Amino acid sequence: MAKVQLDKVTKIYENSFTAVKDVDIIAEDKEFVVLVGPSGCGKTTTLRMIAGLEDVTSGDIFIGNKIVNNVLPKDRDIAMVFQNYALYPHMTVYQNMEFSLKLRKTPKAEIETRVKTAAELLGIEQLLDRKPKQLSGGQRQRVALGRAIVRQPKVFLFDEPLSNLDAKLRVQMRAEIIKLHKHLETTIIYVTHDQTEAMTMGDKIVVMKDGLIHQIDSPINVYNHPTNKFVAGFIGSPAINFFNGKISEKGEKLHFDFGTFTVYIPDSYEDSLKDYLGKDITMGVRPEDVYHKKYSSNAEIPAELDAEVEVVEPLGSEFVVNFLAGDTTFTGRLEPKEEPKMGEIMNLVFDMKKVHFFDKETEETIV
């Protein structure tokens, strides 16, 4: 297996469009790295440069300790799994899986062993004689995985492999790929626009936007300590609530005032926010940090307001609720016992120890 490193990699197309700019990424040996971001952020272009399917304008790509910028895709010892499976329709599953090995003139006995081993690992032994058109989407995805596994590459590259599957099958295949990674102990670089996939699958997340990397960290650190407003808003479902307001001072305490109501600033945040006194900033509150005061066990929560229940989405294990306070709308996640009703006025509290504050102009995290 191998470490993959991108050093100041940039991709500029002929029309002068910069798709990727000065990207630095390290995927350690056996690490599962996820590139995540909205459509057009440059994540697939980055993956295709690693695969050799796109030329690098500047910078270097290393696989192992070797620069591969000018190495042909077939010689990079990588395997790529695509969104559309890319199976040959006229071949059986077995023939699809053995095809790359036959091109490399691998001995027939070894081909048979590799194909059968991969088929058993993926639970598709009974499908080896079928054609792709006889398979479901999930089965086709397993065949595409099997075709990559038999090559025994140094690095696996995944380009949004689950986006064509239904919601239930996506969850199942996420678990399958995680188990596969642990079994194969290989380096995986995985591209997705789905932040849930990124959070649940990756050892490390690379959050991208407009060809730039905004944060690289573990999933939990990206969630709890976003570097800017974009990262905070992109990671998390339902999305974080943003409130625009000003920092004010009442007595010896700092407050955040955004018209509808005013909240205390926790003492631990004051040193970071005192330079923003009288200035516009943005506060971020995640939906799970919004509580119905009646059921809140946290007596130290200092932010309280009354809000009307506008929309209720029952999900079984929780309610996702859209609230309206004055002219401000926001989202909360409430427990089933709270049974919110549309039109009801609820007394809510925010957990101010978990909120985020962002500079209004730069959108960088303050605290």
Side-chain angles (χ1 to χ4, degrees), residues 19 32-54 73 78-100 115 118-119 121-151 153 155-181 183-184 186 188-202 205-209 219 234-235 237-239 315:
F32 197 131
V33 176
V34 179
L35 310 186
V36 65
S39 297
C41 71
K43 56 190 185 294
T44 293
T45 301
T46 301
L47 195 76
R48 289 174 63 84
M49 286 191 288
I50 296 170
L53 302 177
E54 294 276 3
I78 56 95
M80 193 160 180
V81 180
F82 296 92
Q83 176 180 347
N84 61 359
Y85 320 132
L87 302 177
Y88 296 108
H90 62 287
M91 294 183 181
T92 65
V93 168
Y94 187 97
Q95 290 168 336
N96 267 281
M97 292 174 66
E98 72 169 352
F99 185 69
S100 64
V115 170
L121 181 63
L122 294 165
I124 56 174
E125 313 99 296
Q126 74 281 10
L127 306 178
L128 292 176
D129 294 327
R130 296 188 192 178
K131 298 280 183 68
K133 67 180 180 181
Q134 299 172 299
L135 306 177
S136 68
Q139 289 170 334
R140 291 179 193 179
Q141 190 55 271
R142 282 186 168 85
V143 176
L145 287 171
R147 187 176 54 186
I149 290 169
V150 297
R151 293 181 56 188
V155 181
F156 284 91
L157 305 178
F158 290 81
D159 186 13
E160 304 206 29
L162 309 184
S163 59
N164 288 337
L165 305 179
D166 62 55
K168 183 178 180 181
L169 198 50
R170 279 203 304 272
V171 173
Q172 182 181 340
M173 287 303 299
R174 284 206 305 261
E176 292 290 338
I177 292 173
I178 292 169
K179 287 192 289 185
L180 193 62
H181 175 241
H183 179 86
L184 297 175
T186 187
I188 290 180
I189 302 177
Y190 187 105
V191 160
T192 181
H193 64 274
D194 186 332
Q195 53 90 20
T196 302
E197 281 184 28
M199 289 291 293
T200 56
M201 298 178 75
I205 297 179
V206 180
V207 185
M208 298 184 69
K209 181 189 177 188
F234 189 81
I235 299 295
S237 180
L315 299 179

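Please read these numbers as outputs of a predicted model, since none were measured by experiment.
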Participant: Does the side chain of I177 reach to within under 4.5 Å of the side chain of L162, using non-hydrogen atoms?
Facilitator: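 They are in side-chain contact.
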Participant: Among all residues two or more places apart in sequence or in another chain, which pass the side chain to side chain contact (heavy atoms under 4.5 Å, CB included) test with L169?
Facilitator: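 Side chain to side chain contact (heavy atoms under 4.5 Å, CB included) check on L169 returns L165, D166, Q172, M173.
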Participant: Quick one: list whatever passes side-chain hydrogen bond (donor to acceptor under 3.5 Å, both in side chains) with Q83, sequence neighbours left out.
Facilitator: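 Q83 satisfies side-chain hydrogen bond (donor to acceptor under 3.5 Å, both in side chains) with S163 once adjacent residues are dropped.
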Participant: What ring pair (Phe, Tyr, Trp, His ring centres under 6.0 Å) pairs are there with at least one residue in residues 159-181, not counting sequence neighbours?
Facilitator: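 Output for this query lists F32-H181.
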Participant: Applying side-chain hydrogen bond (donor to acceptor under 3.5 Å, both in side chains), name anything that partners E98, two or more places apart in sequence or on another chain.
Facilitator: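 Partners of E98 under the side-chain hydrogen bond (donor to acceptor under 3.5 Å, both in side chains) test: none.
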Participant: Apply side-chain hydrogen bond (donor to acceptor under 3.5 Å, both in side chains) to T44 and list each qualifying residue two or more places apart in sequence or on a separate chain.
Facilitator: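 With sequence neighbours excluded, T44 shows a side-chain hydrogen bond (donor to acceptor under 3.5 Å, both in side chains) to D159, given in chain and number order.
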Participant: Taking all atoms of both residues into account, what is the closest heavy-atom pair of P132 and P89, and its distance?
Facilitator: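 Shortest heavy-atom contact: CD-O, 3.7 Å.
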Participant: Report the residues that fulfil ring pair (Phe, Tyr, Trp, His ring centres under 6.0 Å) with F99, sequence neighbours left out, ordered by chain and then residue number.
Facilitator: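 In terms of ring pair (Phe, Tyr, Trp, His ring centres under 6.0 Å), with neighbours along the sequence ignored, F99 is linked to Y88.
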Participant: So, using salt bridge (Lys or Arg N to Asp or Glu O under 4.0 Å) as the criterion, who are the partners of R48 when residues are at least two apart?
Facilitator: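 So R48 forms a salt bridge (Lys or Arg N to Asp or Glu O under 4.0 Å) with E54.
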Participant: Tell me every residue that passes side chain to side chain contact (heavy atoms under 4.5 Å, CB included) with P38, counting only those two or more places apart in sequence or in another chain.
Facilitator: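 With neighbours one apart ignored, the set is C41, F230, F234.
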Participant: Any donor and acceptor pair, going by atom type alone, linking the side chain of K43 with main-chain N or O of G37 inside 3.5 Å?
Facilitator: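 Here the side-chain-to-backbone pair exists.
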Participant: Is any side-chain heavy atom of T45 closer than 4.5 Å to one of M208?
Facilitator: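 They are not in side-chain contact.
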Participant: When the side chains of residues 141-151 are checked against the rest of the protein, which donor-acceptor pairs come out under 3.5 Å, sequence neighbours left out?
Facilitator:
| residue | atom | partner | partner atom | Å |
| --- | --- | --- | --- | --- |
| Q141 | NE2 | P161 | O | 2.2 |
| R142 | NE | L122 | O | 3.3 |
| R147 | NH1 | A86 | O | 2.7 |
| R147 | NH2 | Y85 | O | 2.8 |
| R147 | NH2 | A86 | O | 3.2 |
| R151 | NH1 | I78 | O | 3.3 |
| R151 | NH2 | I78 | O | 3.0 |

Participant: Quick test of your reading: applying salt bridge (Lys or Arg N to Asp or Glu O under 4.0 Å), list the pairs with at least one residue in residues 121-140, sequence neighbours left out, ordered by first then second residue.
Facilitator: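 Of all non-adjacent pairs touching residues 121-140, none passes salt bridge (Lys or Arg N to Asp or Glu O under 4.0 Å).
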Participant: Among all residues two or more places apart in sequence or in another chain, which pass the side chain to side chain contact (heavy atoms under 4.5 Å, CB included) test with T200?
Facilitator: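 Counting only residues at least two positions away or on another chain, T200 forms a side chain to side chain contact (heavy atoms under 4.5 Å, CB included) with R174, T196.
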Participant: For T192, enumerate each residue passing the side-chain hydrogen bond (donor to acceptor under 3.5 Å, both in side chains) test, keeping only those at least two apart in sequence or located in another chain.
Facilitator: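 Result, side-chain hydrogen bond (donor to acceptor under 3.5 Å, both in side chains) vs T192: E197.
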